Colleague: 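Here it is: the structure, laid out below.
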Amino acid sequence: MLDPVLLFFLLGLAAGLLRSELRLPAAVYDLVSMLLLLSIGLKGGIELAKQPFMDLAWQAMAVLAMGALLPFLAFPVLRFVGRLPRADAASVAAHYGSVSVGTYAVAVAYFAGKQIEFESHMPFLLAVLEIPAIIAGILLARGLSRKIHLRTMAHEVFLGKGIVLLIGGLLIGWAAGPEGLVSVKPLFFDLFKGILALFLLEMGLITAAQFGSLRQHGLFLVLFGIGMPLASSVVGIVLGMALGLSPGGAAMLGILAASASYIAVPAAMRISVPEANPTLSLGVSLGVTFPFNVLVGIPLYHALATKAFTLAGG
Amino acid sequence: MLDPVLLFFLLGLAAGLLRSELRLPAAVYDLVSMLLLLSIGLKGGIELAKQPFMDLAWQAMAVLAMGALLPFLAFPVLRFVGRLPRADAASVAAHYGSVSVGTYAVAVAYFAGKQIEFESHMPFLLAVLEIPAIIAGILLARGLSRKIHLRTMAHEVFLGKGIVLLIGGLLIGWAAGPEGLVSVKPLFFDLFKGILALFLLEMGLITAAQFGSLRQHGLFLVLFGIGMPLASSVVGIVLGMALGLSPGGAAMLGILAASASYIAVPAAMRISVPEANPTLSLGVSLGVTFPFNVLVGIPLYHALATKAFTLAGG
Amino acid sequence: MLDPVLLFFLLGLAAGLLRSELRLPAAVYDLVSMLLLLSIGLKGGIELAKQPFMDLAWQAMAVLAMGALLPFLAFPVLRFVGRLPRADAASVAAHYGSVSVGTYAVAVAYFAGKQIEFESHMPFLLAVLEIPAIIAGILLARGLSRKIHLRTMAHEVFLGKGIVLLIGGLLIGWAAGPEGLVSVKPLFFDLFKGILALFLLEMGLITAAQFGSLRQHGLFLVLFGIGMPLASSVVGIVLGMALGLSPGGAAMLGILAASASYIAVPAAMRISVPEANPTLSLGVSLGVTFPFNVLVGIPLYHALATKAFTLAGG
Amino acid sequence: MNSSTRKLLTIITESALERVLVGDIEKLGAHGYTITDARGKGHRGPRTAVWDESSNIRIDVVCDDVTAMAIAEHLQVHYYPNYGMILFMSDVAVLRPEKF
Amino acid sequence: MNSSTRKLLTIITESALERVLVGDIEKLGAHGYTITDARGKGHRGPRTAVWDESSNIRIDVVCDDVTAMAIAEHLQVHYYPNYGMILFMSDVAVLRPEKF
Amino acid sequence: MNSSTRKLLTIITESALERVLVGDIEKLGAHGYTITDARGKGHRGPRTAVWDESSNIRIDVVCDDVTAMAIAEHLQVHYYPNYGMILFMSDVAVLRPEKF
Ligand SMILES: Nc1ncnc2c1ncn2[C@@H]1O[C@H](COP(=O)(O)O)[C@@H](O)[C@H]1O
Ligand SMILES: Nc1ncnc2c1ncn2[C@@H]1O[C@H](COP(=O)(O)O)[C@@H](O)[C@H]1O
Ligand SMILES: Nc1ncnc2c1ncn2[C@@H]1O[C@H](COP(=O)(O)O)[C@@H](O)[C@H]1O
Ligand code: NA
Ligand code: NA
Ligand code: NA
């Protein structure tokens, strides 16, 4: 059965599609996503302190490489099969190289429900994965020929709202450790799933609004929005195995690889690749891949990882 | 003594009447009432699964009938004693046929404090009661003669913010069951009374603002705002007894009957009966009946129900 | 080591100084500071019931006097050493006679972490201290000669947002008592430090924005912003000893004396002494004194109080 | 720069009307509109925007004269009598007049 | 449609002034006003609206020429020197001129 | 009262542009600006402001004609092709013209 938090997503989706009067104020969306990002960061930061530095560095570099590579897989498909203009292909590709914090949060809830273990410094890899795809997307759109505003790019990559809260949370969690955070546990940890439920309610409403824009861009995008995460999840799982992660950890890396950004990358692309059409990339990332991943993908990628470990082990 | 959450209502009322600078942002009001509606819905939904379907259907129909009938009791009083214009009489009548979620929440807190048992699928009846009074109000204002925009009416009745969250919560609670909701308990159940306190603080501020408009409409409305809930509570209690509810359940149905809407009905009347003056109906519903019910009515209706059961039992 | 909630302050400060995109909506700031004020008020109110009335009255009067006196210490320094215009000197002086609820909250967290006991009706003294400095500031700016709008002044002093929530919380806590508040404990008490963390994140962002305005006013203000709280803390500690408070209580009174307002006083000065430049007073109060107090001052004043008690005891 | 004159029609009214008004405005031929949340006071008393029922919206529409007049007349007939609403118009210079 | 000309007076200032300004505006004869929350930058530096102290409001008043001038003069005398404030006026066409 | 005429330039666009636009506006010589949050609909479809990506802002700038034209041209060249944006201008009377 579906995790109950997903029922909130379906409620939002239904309310949106039925054009109900339900509309959460933007400030509530901001509060809820801020709490989610901080919670995830803090939880990951606590674990960082326990990891040997070299392991972390090694994993970070491997994952950076994956985030930079995935857009280069997606781009030719979008450009030559989907016949998208160059800027649009680059922008969509960047979305799929990056990650969705919401998808990760749903996966955490799913894994907790099924008592699946995974490396608990995963939020660190999540933060790392936010970054390279943005740079890859800009390069794909502009090539190396044209002057790229390095300052603007750096600003977009490192100083976006999401990345600051995630990395800030990681640092605070790392510095304060588990005892230090006991006093903020009721807000950031105990309320986590309730906050996630509100977030998914809102995401349902937002997703419903994307369907309209999807209709214009047709079947190709829908297929891409399902095919691409399937392919990426395999890349993520294989990399997880190569890095020596546990089965749960490899599955989680598959989920991260499969997820597509809808916060950091859209904001960065809007400034750095303005000629890309944002309704197109948000349409496929939010309208297709996000619901596919949270409703179907997460258990699927976990099953894939389990099978892969059985095969590799046998 | 007063339940402590009511002290927050009095604080808001005092701050409002003293024209203090205290003003909560609309987004906070939205968040707080959304949490309240979801909490009530979820709690009721959990219980729905345990009820035999036929009992529920039967109770729902009886309660639907009550909600449709009460406006027809109120209307002649408003029209012929109070000499209100037809549209205004219809609109006020609709408010009193429907329910106030805030009043219900205060009653839940009161019953919990006094350890009074009641049928825990009551939120289902609450949701059901939101609906018929709107239709009755429109009919009272328009008669059957003039064309009624069925689509608009259906939209207002079923897709208002309050009803979507309440019914959504019921469905999620019903589908997820008590174990499924354990993880969201800290937000939706543990914080319930704190959230209710914030909500009542805000309601105090809003109520204070209604007093001004009341002054213009004089004594009749004040008397109506107290007399009508007294009468309705008797109807609700008697119906509760007839349906075989427990004493607590019958008292709660009396409270629901006595309460007057200030969310769903005003919004619907504004669109469907625009010539009705909203300050008049909100003035009496919020400025008189809401404070009367939460401060005086709830214990009174409970005492009434207890007496009725003693008489009936003896 | 720093209390973990202060890491959130540093995160906000860093994000602000790096000009990140992180910006919390004003509604979130309002919600968070409202919860903080109510929590502090409720907690203090519970304790009020336990105190003999005469003790309270006595302490309140002593503390009122201190709050009225401190601006008269600060004013000549600002006017004749700092050569500020009269209105500015009066306004800054008023800020330093009043208190900072945020600083108090951080001190509460610090004392809890170190298990330092202090009189738990301290929030009552905090509320009392909000008031006299405003009046002193207006008198310093205007003298007794010119007509002062008493009504406007009373409104600013007693009906500001912060004072209404703090005193409202005190009254509710006092009336409801510890058992009465059990049901709202999850929101107002368990979440306290999490809410404080969010508040400090926001304060970090706001503080960062003050640095710009500080630069124009130079070294004098920075020195004043550190020297004044050091002097005031001594006054507070000595008064605490004279009033027979515990070492923790005297330290806390020192912290209150040392803290500078950034909510009630700026709002009141803007209306009552409009020719005072608000960026100047907020620059020094928020840009210098607030970070100094929360990062360095609190442990320092506590050490001072401990030393004073040893000397006095020996 | 090719600049040209259009009408700016500003409507201030109850936020309860948002959904129906934007439908009307589009049907009457405007190519766009902008909405901001507002509060205020008028003949129907104060509207403080502390909750949905007392919130106002401000709708700005840039369009040609004929459309502006059509919208204004439509609103005056259908909503003026029963809703808190004011409405005013002015001339504005726009670039890219073909957009409006 | 009977349309007629009125003044639209727009004031942008610190939100701390809201309570007193709306009192003044009503006293000086305006029949209504509309307020929206704003942020901005001017001679007194940036006002980012992240908290109450740095928030602006925009007040729009539709009224006759004499009232507009009276309000503008009153504000210029009483608030211009000490508060962040700008103020501008234009002509607008209104329906139902008797409302203003 | 010494009143004088200035241009009021209003820009409605995606809130993603806020940071860069205010930089441009200041560089091109305006002495201030005011921003309000907005939602709306135009050629690029609805922007409902439920989250950051779909929010609009309205920027009002009071300045002299030359500056207004310079800003308008700059925006038209750099942002019109790729962003949801409209822009209109009108004359307003200001007190204290030296402020703008
Ligand atoms: N003279 C006015 N100037 C500016 N706004 C006004 C004026 N009159 C009314 N309004 C706005 O229009 C809304 C409805 O006005 P009314 O229908 O007069 O109650 C009010 O709540 C105000 O926001
Ligand atoms: N030239 C301008 N154009 C538009 N808004 C302005 C202008 N100058 C100032 N403002 C607004 O008016 C407020 C106060 O301006 P000032 O008194 O110049 O600091 C600013 O925070 C802006 O919101
Ligand atoms: N005709 C119009 N009148 C008023 N606002 C408009 C108009 N057209 C567009 N807008 C606003 O400008 C934004 C961008 O417009 P566009 O580039 O046409 O999508 C929209 O989201 C609206 O807020
Ligand atoms: Na990805
Ligand atoms: Na009722
Ligand atoms: Na002080």
Side-chain angles (χ1 to χ4, degrees), chain C residues 12 15-16 19 22-30 32-34 87-88 91 95 102 149 151-152 155-156 159-162 199 201-210 212-213 215-216 261-283 285-286, chain E residues 9-30 33-61 70-88:
Chain C
R19 298 173 174 280
L22 183 60
R23 238 188 76 167
L24 307 196
V28 170
Y29 177 81
D30 280 359
V32 160
S33 48
M34 176 180 77
D88 285 325
S91 167
H95 284 67
H149 288 266
R151 261 192 79 130
T152 309
H155 189 274
E156 291 304 320
L159 292 173
K161 193 171 171 159
F199 176 78
L201 179 63
E202 183 103 41
M203 288 305 295
L205 290 166
I206 294 176
T207 300
Q210 310 300 325
S213 66
R215 221 172 306 147
Q216 303 165 14
S261 174
Y262 49 80
I263 300 182
V265 178
M269 289 299 124
R270 205 73 203 93
I271 297 298
S272 301
V273 189
E275 66 276 30
N277 177 357
T279 60
L280 193 149
S281 44
L282 281 174
S285 146
L286 267 184
Chain E
L9 169 68
T10 302
I11 306 151
I12 297 167
T13 190
E14 309 180 10
S15 51
L17 284 182
E18 180 165 338
R19 178 186 290 267
V20 289
L21 283 194
V22 303
D24 293 358
I25 287 169
E26 287 192 283
K27 241 175 271 158
L28 292 167
Y33 54 83
T34 296
I35 302 180
T36 42
D37 291 314
R39 54 189 178 278
K41 190 166 175 180
H43 289 90
R44 293 173 176 253
R47 300 188 49 81
T48 53
V50 283
W51 63 325
D52 294 353
E53 296 311 313
S54 76
S55 298
N56 283 347
I57 48 172
R58 172 196 175 116
I59 312 182
D60 288 285
V61 185
I71 297 174
E73 260 175 75
H74 177 85
L75 298 188
Q76 174 147 25
V77 172
H78 287 86
Y79 303 103
Y80 246 66
N82 292 322
Y83 293 95
M85 178 180 281
I86 70 164
L87 195 148
F88 50 86

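So that the names make sense, note that chain A is the first sequence line, chain B the second, and so on, each numbered from 1. In this text, all values refer to a predicted model and were calculated from it rather than measured experimentally.
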Colleague: At a 4.5 Å cut-off on heavy atoms, which part of Thr48(E) comes close to chain C: side chain, backbone, both, or neither?
Modeller: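 For Thr48(E), the backbone is the part near chain C, not the side chain.
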
Colleague: Sort Arg39(E) into side chain, backbone, both or neither according to what part of it lies under 4.5 angstrom from a heavy atom of chain C.
Modeller: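 Arg39(E) touches chain C through side-chain heavy atoms alone.
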
Colleague: Measuring heavy-atom distances to chain E, does Leu205(C) have an atom under 4.5 Å in its side chain, in its backbone, in both, or in neither?
Modeller: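 Neither part.
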
Colleague: Rounded to the nearest 0.5 Å, what separation is found between the CG atom of Leu17(E) and the CZ atom of Arg270(C)?
Modeller: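 Spacing of CG (Leu17(E)) from CZ (Arg270(C)) equals 7.0 Å.
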
Colleague: Among Ala27(C), Pro278(C), Ala87(C), Ala267(C), which residue has the highest count of heavy-atom pairs closer than 4.5 Å to chain E?
Modeller: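 It is Ala267(C).
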
Colleague: Mind checking the CG-CD1 spacing from Asp37(E) to Ile57(E)? Nearest 0.5 Å is all I need.
Modeller: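 Going from CG on Asp37(E) over to CD1 on Ile57(E), the span is 8.0 Å.
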
Colleague: Kindly indicate whether the side chain of Leu286(C), heavy atoms from C-beta on, has any atom under 4.5 Å from the side chain of Ile206(C).
Modeller: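 In contact.
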
Colleague: Contact between Asp24(E) and His78(E) at the side-chain level, heavy atoms closer than 4.5 Å - yes or no?
Modeller: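 No - every pair of side-chain heavy atoms lies 4.5 Å or more apart.
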
Colleague: In terms of heavy-atom proximity below 4.5 Å to chain E, should Ile271(C) be classed as side chain, backbone, both, or neither?
Modeller: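 Both backbone and side chain of Ile271(C) come within 4.5 Å of chain E.
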
Colleague: Is there a side-chain contact between Leu87(E) and Ile71(E), using heavy atoms and a 4.5 Å cut-off?
Modeller: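 They are not in side-chain contact.
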
Colleague: Using non-hydrogen atoms and a 4.5 Å limit, figure out which bit of Ala49(E) sits close to chain C: side chain, backbone, both or neither.
Modeller: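 For Ala49(E), the backbone is the part near chain C, not the side chain.
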
